[in-house]
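See below for the structure under consideration.
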Amino acid sequence: MSFRNFSRRSLLRGVLRGGAVAIALPLLDMFLDDNGAALASGRMLPQRFGTWFWGLGLTSSRWVPNKAGADYIMPEELKPVEKFRDRLTLLTNYRIELSGAPNHVHFSGNCAIRTGTAAKMQGVAEAPSFETAISKQIGRGTRFRSIEISCAGGQNDSYSWDAGNVLNPAETSPAALYTRIFGSSFRDPNASTFTPDPKTMAMESVLSSVKDSRDRLMKVAGQADRQRLDQYFTSIRQVEEQVAVELQKPAPADACVRPKPVVDHEIGTDVEWAQKNHKAFVDLVLMAVACDQTRAFNIVYSPSASTLRRKGIGANHHILSHEEAVDPKLGYQPETTWFVEESMKQWAVFLEAASSIKEGAGTLLDNMLVFAHSDCETARVHSIDGIPMMLAGRAGGKVRTGFHLAGNGDQASRVGLTLQQVMGVPIGSWGTKGFETSRPITEIIA
Amino acid sequence: MKALVALKRGKLLPTLTLMAGLLVTGMAVTANVPASRPAVSTGGPPQIRRLTEAQYRNVIADIFGPDIKVEGRFEADMISDDLAAIGSSKVSVTAAGAEYYTNLAEGIADQLLSEERRARFVPCTPKDPRLPDNRCSAKFVALYGEQLFRRPLSPGEIATRVSLAENGTRKLQDFYSGLRYAVVSLLIAPDFLFRIEAAVPTPNGAELDPWSRASRLSFLLWNGPPDAALLTAARNGELATPEGLARQVDRMMASPMLERGVRAFFSDMLGFQTYATLAKDGVIYPNFSQGVAAASREQTLRTIVDHLITRDEDYGKLFTTRRVFLNRDLGALYRYPVAAENGWEAVELPESMGASGILTQASFVALHSHPGRSSPTLRGLAVLEKFLCQHVPPPPSDVDFSLVQDINNASLRTARLRLTAHMTNPTCSGCHKLMDPIGFALENFDGAGQRRLDENGAPIDTSGELNGVKFGNAQGLGAALANDPATARCLVNRVVGYGLGRVPVRGERRWVAQLNSDFNADGRRFKALLRRVATSEGFYAVDEGQPSAPAPRTAQTGQVTAGRKPS
Amino acid sequence: MPITGRRRHHPSRFSAIGLTATLGAVTWQASGTAQTVAAPATPLPKSTLAGPAGDPRVIGLAVSTFRFAHNAGRDDCPAGLSPFITHQYLKTLPEAERARLSAPERDPELNLRATSLPDGADTTSSPAVALARSPGYHSLHQVQSKRSWGLDLDKDMPKDKVCPHQAFIGMDGEKGVDNQFYRAMGCTKGYRWDKAAGESVSDPFDNVDLSGSNSNGFRDGQMTILIEISEVDDPRNDPSVKVGIYSGRNPMTLNARAQMTPYTSHSIDPNPRWHNETRGRIVNGVLETDPFELRLKQSEVSALSEYVLRHAKLRIALNGDGAKGILAGYTPISSIYWPIPATYRSAYARNIKEDNPASYRTLYELADGYPDPETGQCTAISMARAVTAVPAFIVRSAPVDKAADATPQKVGG
């Protein structure tokens, strides 16, 4: 083939199928001027990646489209996102391989999708989640490597692990998130002047100072403690980088408008509160992305085993999913399904917000890639086969969207592998035991 | 007692040997360890524990005073083996966490060095406030460094901060603005954020170094840092002698700070971390306001402190006492008059109200319920896990509950009827038969902790069973729990796990069993248990060969190696 | 007086602060549906009201609604609601000036001019002067319908303590109901419970949440009203019980629904001036008292005043959730009118759109109780309050348990 026709997709296919990947993907960017998105100014837009999580899945009979490809009929439970179908990819019938580990309900599925490894214990991940590899890859030079959000009030409602026992805590207060991103440390990328804060300048050396103790501690700590200390020093380094970023004049960001300060309303599991907070969070996070304060985010609308509840009803979504009888006429659980449908409406809220921010020739959604998924399929029976997964956005042209891809029972880890590769993480295979795979889903890659 | 005698007997010779060693190596002080003690406990690996949020706050308040505000977010504590104290040995600092700690540190530093406060905290005055004064910064860093790191700083550690202050002062042309960076550096250091235990070698193995002993002790009893007297006792070797240790323990147990430590222990044991996300449905339980939630936590902690510390009563009676503390928020929940307008009052509830110690308090029955209804299963599980240290496996993943249970069924009006229907499923019944009958006894208290006699118009049957003992109501459950030997054993295990930051290792079992029999012999007095743990050799023992983090080379103690057998 | 949450959104923010402010028309309610005062549907479980630990012969209640017992019937005000004083004033002006002052941004100027006398004094402070100057200018529409909430107050009053007046038929059909205050003020905006007219409730007993600023008087403890019924042998029928109505000294606590939390303990204000006691009887679950003189502590906005009812009577139905009914009596007009200028002598006074001189005249015209021995002019006017109450524990002395109240450790966990 001629060099002209040497597209990213054919390269990925060719190289990755071979198994051994010697070329780090970012190097490929030099070939990609036809696919990468650029601003009017000619500056390339950064890569962005996010996840959007909701608890307790969808109902199998009501969300899997009748046929694969682009011209499927939008199923009942996905009606709220119909408007965005050309920017969505539905991934159905991918399986979780537990390789002998138990199905820890409401954990094994989402944990495996994120980490590529089956959990041995409830609540304990065995490996880092793949999106942290992506955020490390694409987040260099931004203030926040990633932003984690939980809309129902739980700080630990996060499915982002830097390491097995390092769960990235989620923000639960929109007002606090506002202060963190857009408070006094925020430097407007479009401001004409820039003066580094001398106080911040001095902070840089402070952060370096604590690293003096590293050698002493690492030399003698036990294996597990060494990992923990290593994580601590990595995290301190992260803040150091953040400070370094704050000392440089940020590059202009066309779509960036500093939002108005946010006031907190009630925070908790009441579904109305969660939705109000979800909207506030989505607006903040998307603007943080547009302002290039971060390039990665993880939004949890409702936790796995969703604790969301409606006022006056004793049972929450999770309890309902187990206790409510299937209505013989409808063929599903009506109260439970109300929550399911609300989840998809909130997914639509996210998509609407992301596509309403204009950026370059398209919208913010066009210039990012978002992976939405849940913890199970039909919650009533904790099904971990066919856990709902979707992709939204075009990653600036790096992915194909607008179709339904039936997974034929393939390992769900193929998704994690593909997304890492698309985002430039230099790996050829991912996952462990029965979840190990070196086969990216090439249909997604543009 | 036996352990103490043994320790005394075996102590003389090694002490002399060690003293000689000290002279040779020029060490001023180190641990004092008997060589041939009978192995009451092998000890386990030293721990590296991240300060919990409460501990961080206590440290700042104790060292700098309660007027220094700690404002900002913390990483969530992690529960492991039922305790956040054990989880603290497993967590690290995430990227977001490093940001939180940095912000907290900057906020604290700003306050300490503000114009109003700097005279209080900086023990010297710079010659020229616009220029660096390294002698003055060194004095400041050494003074607070020792308190924050809970050990003396090495010359290198001091020098690092002094140079930070110097550079900062040059950049900002203000001594105090420069010193701020020394403070921040101390407050984000691993040696501050983590309690890094260090061991010293002994002829027979290893032993916690005196500073780590002091911290284990102070965090056990006070949930806070060693105070000046305890640091002095560590420095002069007092903590290494049984008499010196006992003296410190008695002093600390007589301090009002003991209450803070006891509150912290029981908050952890009872899982009060859950309060952070506790919410009740405002339509179903309109009277369970946030004020009631906060009061219910306080109520139980007051009950515990009153019962176990002030009155020094049998731990078992904590599950049966009718003496409770009420404020007006809780009075409304209990429908009981409260004379005190703004504070709390102790009340002996009439028998007719069905109270049975902390089991029937809202901190238990409401915390272990759903937002809109009670749950005999969750309550039964909590009794087993929290008070008996018994674990129930999670429900199987493939059970379809809705097939056996229909909440719309008008004939299943009470939780017992619904759960009994549930128990017809053999996969479920094994575990539910353990949990539900415990919870049934508490069904006279609804999901918000309010007393009720019926549910959906049907009378409530509160008969139940715990480990084979049958009873008719909450008081019966309380008595069964009080009489179960596992209850006392569980508490001993919790105290040990809390103090060590880990589950006891095999070599520590004999020690824990001894503590348990002593606890029972002491009439299950919690204070006596705390004292026995705090003064026991086993609490400070370190298993040789187990890895640990070292103490650095410090100005006072010279070279100290890790907890490994010297090769 | 901002009666309801909705009133806060009235175009002129201060227009509502008029006579009502000092009359103590505080919106304050709790649960319980509005029905007429009749025997409760469910028998009263004594233990519920007294609380399991309470004296079984005592029923404690904390008042959770204390609105004017005013109806808002369709036929009350055939001529419409009473005009604002600004409206009356505009009518006196030449066309061009009227147009100029009608512009919304001229509102402060209009208010000032409409309420000013030639010497600069305000009309509220000098109602007699204002009325003498232009009697036709001050106008208040009176209620024309025949039905009203209230009680028959004068049936046991000496003849010489009453002035001639027209009685209403009660909402339950009771004859001889006295509520001249409603007749006087019932066509004035802010005194009617009329959802169609923009109020947040359509019934004086109606439910609203108490989180708004309108219930401040109750939320800050300045106007907590406690009712204690004691010597109760049978809560359904008891020919003789003791009834105390007291000012409390603790703020009410709101529950998650922003309503008063039942079974809260309340301490009685120690000032004996606000301790009112009488006797009464319970018939089929309805308590009715003998007449008594009522004085309660009252706070309105910033003014501390006193709420006075003479020859007062309480009739409330007791039920499992608390109580609901009517408190009625004669209010001295001076006690309700004069605090207004005292309170609002500042800039507020000039923002009042209510025609206070008109109210002043009408209240005296319709006054039906306690004639001045010299002039024969009645000095007090009959009125009624809609009352709901929730169960409460009433505490006489409040010794704080010092031992139990040791300051908790600041840092617990």
Side-chain angles (χ1 to χ4, degrees), chain A residues 102-105 122 145-146 148 153-156 162 165-169 176 180 198-199 201-203 205-207 209-210 212-213 216-217 220-223 225 227-229 231-232 234-236 238-239 242 268-270 309 311-316 319 322-326 333 380-382, chain B residues 45 48 73 75-76 78 90-99 102 106 156-157 160-161 164 167-168 171-172 177-178 181 184-185 188-191 193-194 196 276-277 279 281-284 370-373 394-395 397-402 405-408 447 546-550 552 562:
Chain A
N103 177 4
H104 296 294
V105 296
Q122 174 78 27
R145 199 196 71 206
S146 177
E148 276 69 50
Q155 198 180 350
N156 284 341
D162 263 332
N165 55 2
V166 184
L167 180 69
N168 290 309
R180 193 171 162 212
K199 274 176 114 177
M201 287 161 74
M203 267 309 284
S205 48
V206 172
L207 291 156
S209 74
V210 303
D212 292 355
S213 51
R216 165 173 60 84
L217 292 170
V220 282
Q223 177 61 33
D225 286 342
Q227 277 178 12
R228 293 166 63 213
L229 288 167
Q231 172 67 39
Y232 160 84
T234 307
S235 297
I236 289 288
Q238 193 72 44
V239 180
Q242 181 179 329
T269 53
D270 185 310
R309 61 194 168 83
K311 280 192 188 73
I313 298 178
N316 64 24
I319 299 173
H322 289 311
E323 296 187 348
E324 190 186 12
V326 172
Q333 300 163 293
R380 188 165 54 88
V381 290
H382 299 118
Chain B
I48 297 183
R73 281 194 65 187
E75 294 213 55
M78 168 183 157
K90 300 187 175 171
V91 289
S92 181
V93 172
T94 63
E99 206 185 311
T102 307
E106 291 189 88
E157 285 171 329
T160 302
R161 273 85 194 180
L164 279 174
N167 294 339
K171 274 201 181 94
L172 302 164
S177 304
Y181 296 98
V184 174
S185 168
I188 60 171
D191 304 88
L193 293 174
F194 293 91
I196 299 172
T277 50
D281 188 298
V283 174
I284 297 170
H370 300 299
R373 59 164 135 142
S397 60
D398 55 351
V399 174
D400 186 350
F401 301 84
S402 62
Q405 182 165 346
D406 178 2
I407 47 167
N408 300 318
Q546 289 287 349
S548 80

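Order of the sequence lines fixes the chain letters, A, B, ..., with proteins taken first and strands second; residue numbering starts at 1 for each chain. Only a predicted model underlies this, so the values are computations on that prediction, with no experimental measurement involved.
- Using a 4.5 Å cut-off between heavy atoms, A/Gln122 makes no contact with chain B at all.
- Put simply, of B/Ser177, B/Ala279, B/Ala95, the one with the most heavy-atom pairs under 4.5 Å next to chain A is B/Ala95.
- Among B/Val91, B/Leu193, B/Val184, the residue making the largest number of heavy-atom pairs under 4.5 Å with chain A is B/Val91.
- Note: B/Glu99 leads B/Glu99, B/Lys171, B/His370 in heavy-atom pairs under 4.5 Å with chain A.
- Heavy atoms closer than 4.5 Å to chain A are found in the side chain of B/Leu164, but not in its backbone.
- The side-chain hydrogen bond (donor to acceptor under 3.5 Å, both in side chains) check on B/Ser185 picks up A/Ser209, B/Arg161, with sequence neighbours excluded.
- A perpendicular orientation is assigned to the rings of A/Tyr232 and B/Phe194, their planes being inclined by more than 60° (bins at 30° and 60°).
- For A/Asn168, the parts lying under 4.5 angstrom from a heavy atom of chain B are both the backbone and the side chain.
- Salt bridge annotation for A/Arg216-B/Asp191: present, with a cationic side-chain nitrogen under 4.0 angstrom from a carboxylate oxygen.
- In this structure, the side chain of A/Gln333 engages the main chain of A/Glu324 through a donor-acceptor pair within 3.5 Å.
- A salt bridge does not link A/Lys311 with B/Asp281: none of the charged nitrogens is closer than 4.0 Å to a carboxylate oxygen.
- B/Thr277 meets the side-chain hydrogen bond (donor to acceptor under 3.5 Å, both in side chains) test with no other residue; sequence neighbours excluded.
- Residues A/Arg228 and B/Lys90 come closest through the heavy atom pair NE-C, 3.4 Å.
- For the residue pair B/Glu75/B/Thr94, the side-chain donor-acceptor check at 3.5 Å is satisfied.
- The most heavy-atom pairs under 4.5 Å with chain B, out of A/Met203, A/Glu148, A/His104, A/Gln238, come from A/Met203.
- For chain B, the nearby part of A/Ile319 is the side chain; its heavy atoms alone come within less than 4.5 Å.
- At a 4.5 Å heavy-atom cutoff, the contact between A/Val206 and chain B is made by backbone and side-chain atoms alike.
- Contact tally against chain A (heavy-atom pairs below 4.5 Å) for B/Gly178, B/Pro190, B/Gly282, B/Ala96: the top residue is B/Pro190.
- Contact of B/Asn167 with chain A is not made at all, since no heavy-atom distance falls under 4.5 Å.
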